[in-house]
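Take a look at the structure below.
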There are 2 protein chains.
Amino acid sequence: MSGDRGPRRRRRPEEAERAILAAARAFLEERPFREMTVEGVMVRTGLSRPAFYAYFRDRYDLITRLLEGIGGLLFALDWRWLSGGADGGEAREVLVDALRAGSQTFVDYGPVLRAIADAAGYDARVEEVYRYGLIERLVVAVGSRISRDVEAGISPGELDPEQTARALVLMTERYLLDAFGRPERRPSRRERAVVFGTLEEIWVRTLYGRA
Amino acid sequence: MSGDRGPRRRRRPEEAERAILAAARAFLEERPFREMTVEGVMVRTGLSRPAFYAYFRDRYDLITRLLEGIGGLLFALDWRWLSGGADGGEAREVLVDALRAGSQTFVDYGPVLRAIADAAGYDARVEEVYRYGLIERLVVAVGSRISRDVEAGISPGELDPEQTARALVLMTERYLLDAFGRPERRPSRRERAVVFGTLEEIWVRTLYGRA
DNA sequence: CCTGTTATTGACATTACGTCAATAGACACG
DNA sequence: CGTGTCTATTGACGTAATGTCAATAACAGG
């Protein structure tokens with residue numbers, strides 16, 4: 001008897017919505033976004049496919065909500081960057097700290113973040129949220145920090161603060177996705193250390209010169 | 001009279017194939033890959049949609065062929081990197097040279113390269129060709145160059161050659177796509193100079209220290 | 001035990017895909 | 001010039017996934 005889903009069950013909307021989000025996350029831990037279909041997510045919830053549309057406009061809306069859940073963690077990086085004072089030694093420490101936190105977020109939520117990044121290529125709305133709500137936001141934060149450090153004489157004046165910020169942020173995003181964004185491949189502690197060390201080296205050498 | 005495509009016309013296979021590739025390129029100069037449908041490409045050729053499948057397996061096969069057309073240009077960067085001697089001053093010049101050539105390729109073929117990068121998120125075969133046939137190839141080339149420079153004492157020993165290469169290559173790819181990959185936005189000479197300067201600054205400071 | 005609300009779903013319309021047998025250009029040959 | 005052959009081309013079909021909606025049935029409150 002295939003398709004026997006048992007008797008109907010009625011949940012509170014909020015509960016059903018959470019179940020769908022959880023199912024999507026679980027799905028993306030196993031398979032990439034390109035294979036994620038509405039049906040494929042909904043079978044994991046015990047609900048029918050049309051039920052999905054009672055809670056989400058489409059799968060891109062779903063992805064956007066997943067991003068909201070993680071977004072908060074990355075927003076925390078904003079003020080870490082901005083809060084640091086502009087005196088020599090501290091600037092580097094603040095940077096390393098923020099990089100470590102960012103890397104950890106990618107270790108924890110790699111596949112989901114990867115899915116969001118992929119979905120940005122599929123849908124204009126997701127691209128909007130991802131690019132302007134996350135990436136661009138980080139670029140602005142990092143850029144203003146670089147700008148301050150340049151004015152304070154800690155960082156070299158040849159750097160264009162905003163462009164340098166954009167290049168470094170994009171590097172960090174793609175490099176971390178490359179390292180931690182594949183489903184079914186938990187990185188070892190050693191791998192994580194090498195990845196983090198590489199990012200630190202490039203950021204520090206670019207902004208503050210040799211260690 | 002919609003749909004009137006006039007009398008059938010018969011072309012030589014090679015000619016039809018070139019027409020399709022050209023139509024795809026033209027399409028991607030105007031609209032992103034996510035909107036590219038087989039029908040949308042074929043109307044520009046005067047052929048019917050099914051004709052497409054006589055020449056390409058699907059639109060990802062088409063994208064792969066487009067990449068082949070540009071790939072040669074980027075392969076040239078391989079040996080630029082490797083051919084350079086390992087004496088101090090020259091290493092930097094070779095790097096700057098290769099960066100400039102790479103940037104120019106993105107200026108010339110930005111939207112197509114962007115489409116290929118997007119398509120890599122859609123299809124496993126395209127991802128394979130893009131990641132392993134292009135990105136990874138550049139990573140290896142750059143990595144072995146860095147390795148040589150580290151051994152020669154030109155670059156700092158803290159760098160992990162392969163990982164540093166990967167981070168820098170990914171940065172360059174995404175940053176150039178960001179700058180030159182949007183359809184309908186030809187970059188000004190000034191913009192190009194800023195983008196190129198930023199890349200140069202990060203690469204040089206990372207690998208060879210302050211200018 | 002009813003009854004109204006609403007979460008849930010079966011069934012439908014749509015779009016893009018990939019295939020294939022049938023059609024009709026163009027060239028070769030008489 | 002016919003005329004026949006080859007094959008580029010296409011109409012028509014089956015499939016997969018999407019998004020919608022009227023009908024259904026689970027649960028809460030009386």
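Order of the sequence lines fixes the chain letters, A, B, ..., with proteins taken first and strands second; residue numbering starts at 1 for each chain.
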Check whether [X] reaches the backbone of [Y] with its side chain - one donor and one acceptor, N or O, closer than 3.5 Å.
X        : Y        : result
B/Arg205 : A/Thr206 : yes
B/Glu191 : B/Ser188 : yes
B/Thr45  : B/Val41  : no

Any idea which of [options] is nearest the [X] side chain?
X       : options               : result
B/Arg10 : C/dG10, D/dT7, D/dT18 : D/dT7
B/Ala54 : C/dT8, C/dA26, D/dT9  : D/dT9
B/Arg8  : D/dC21, D/dG11, D/dA8 : D/dA8

request  = Just call it for B/Tyr55: base, sugar-phosphate, or nothing, with non-hydrogen atoms closer than 4.0 Å on any strand.
outcome  =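 Sugar-phosphate: the residue B/Tyr55, judged by heavy atoms under 4.0 Å, touches backbone atoms but no base.
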
message = Once you apply a heavy-atom cut-off of 4.0 Å, does A/Phe56 come out as touching a base, just sugar-phosphate, or nothing?
response =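 Result for A/Phe56 = nothing.
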
query = When you match B/Arg11 and A/Arg11 each to their closest nucleotide on DNA chain D, which lands nearer the 5' end?
reply =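 Looking at the nearest nucleotide for each, B/Arg11 comes out on the 5' side.
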
[N] [atom2] sits how many Å from [X] [atom1], rounded?
X       : N      : atom1 : atom2 : value
A/Glu39 : D/dG19 : CD    : C1'   : 14 Å
A/Glu15 : C/dT8  : CD    : C1'   : 14 Å
B/Leu47 : D/dG11 : CG    : P     : 11 Å
B/Arg12 : D/dT7  : CZ    : C1'   : 14 Å
B/Phe52 : C/dC20 : CZ    : P     : 17 Å
A/Leu62 : D/dT18 : CG    : C1'   : 15 Å
B/Met42 : D/dA8  : CE    : C1'   : 11 Å
B/Arg59 : C/dG18 : CZ    : P     : 8 Å

So which protein N/O to nucleotides 28-30 of chain D N/O distances come out below 3.5 Å?
none

ask   = So which pairs with a foot in residues 177-207 of chain A pass ring-ring contact (aromatic ring centres under 6.0 Å, His included), sequence neighbours left out?
value =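 Checked against ring-ring contact (aromatic ring centres under 6.0 Å, His included) - neighbours excluded - the pairs reaching residues 177-207 of chain A are A/Trp81-A/Trp203.
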
Let me have the donor-acceptor pairs involving side chains of residues 163-171 of chain A, under 3.5 Å, with sequence neighbours excluded, atom names and distances please.
from: A/Gln163; atom 1: OE1; to: B/Tyr175; atom 2: OH; distance (Å): 2.4
from: A/Thr164; atom 1: OG1; to: A/Asp160; atom 2: O; distance (Å): 2.7
from: A/Arg166; atom 1: NH1; to: A/Glu162; atom 2: OE2; distance (Å): 3.4
from: A/Arg166; atom 1: NH2; to: A/Glu136; atom 2: OE1; distance (Å): 3.2
from: A/Arg166; atom 1: NH2; to: A/Glu136; atom 2: OE2; distance (Å): 2.2

task = List for me each residue that meets salt bridge (Lys or Arg N to Asp or Glu O under 4.0 Å) alongside B/Arg18, sequence neighbours excluded, and say none if there are none.
result =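 Applying salt bridge (Lys or Arg N to Asp or Glu O under 4.0 Å) to B/Arg18 gives B/Glu14.
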
task = Assess whether one donor atom and one acceptor atom, taken from the side chain of B/Arg49 and the base of D/dT10, lie less than 3.5 Å apart.
result =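 Looking at the base of D/dT10, it does not pair with any donor or acceptor on the side chain of B/Arg49 (distance under 3.5 Å).
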
message = Counting only heavy atoms and a strict 4.0 angstrom limit, can you tell me which residues of residues 18-36 of chain B come near DNA chain D?
response =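 Of all residues in residues 18-36 of chain B, none places a heavy atom under 4.0 Å from DNA chain D.
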
message = Just N and O in the side chain of A/Ser48: are any of them under 4.0 Å from OP1 or OP2 of C/dG10?
response =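 Looking at the OP1 and OP2 atoms of C/dG10, neither is under 4.0 Å from any side-chain N or O of A/Ser48.
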
task = Report yes if a side-chain nitrogen or oxygen of B/Tyr53 is closer than 4.0 Å to either non-bridging phosphate oxygen (OP1 or OP2) of C/dG18; otherwise report no.
result =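 It does, given that an N or O in the side chain of B/Tyr53 lies less than 4.0 Å from OP1 or OP2 of C/dG18.
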
inquiry  = Tell me every residue that passes side-chain hydrogen bond (donor to acceptor under 3.5 Å, both in side chains) with A/Arg44, counting only those two or more places apart in sequence or in another chain.
reply    =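 So A/Arg44 forms a side-chain hydrogen bond (donor to acceptor under 3.5 Å, both in side chains) with A/Glu30.
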
Those residues that, when tested against B/Arg11, pass side-chain hydrogen bond (donor to acceptor under 3.5 Å, both in side chains) (two or more places apart) =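 Checked B/Arg11 against side-chain hydrogen bond (donor to acceptor under 3.5 Å, both in side chains); zero matches.
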
Which residues share a ring pair (Phe, Tyr, Trp, His ring centres under 6.0 Å) with A/Phe33, sequence neighbours left out =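 Scan of A/Phe33 (ring pair (Phe, Tyr, Trp, His ring centres under 6.0 Å), adjacent residues dropped) gives A/Tyr122.
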
List the atom pairs, donor and acceptor, that lie under 3.5 Å between side-chain atoms in residues 52-59 of chain B and the rest of the protein, sequence neighbours left out.
from: B/Asp58; atom 1: OD1; to: B/Tyr60; atom 2: N; distance (Å): 3.0
from: B/Asp58; atom 1: OD1; to: B/Asp61; atom 2: N; distance (Å): 3.0
from: B/Asp58; atom 1: OD1; to: B/Arg125; atom 2: NH2; distance (Å): 3.4
from: B/Asp58; atom 1: OD2; to: B/Arg125; atom 2: NH2; distance (Å): 2.7
from: B/Arg59; atom 1: NH1; to: B/Met36; atom 2: O; distance (Å): 2.7

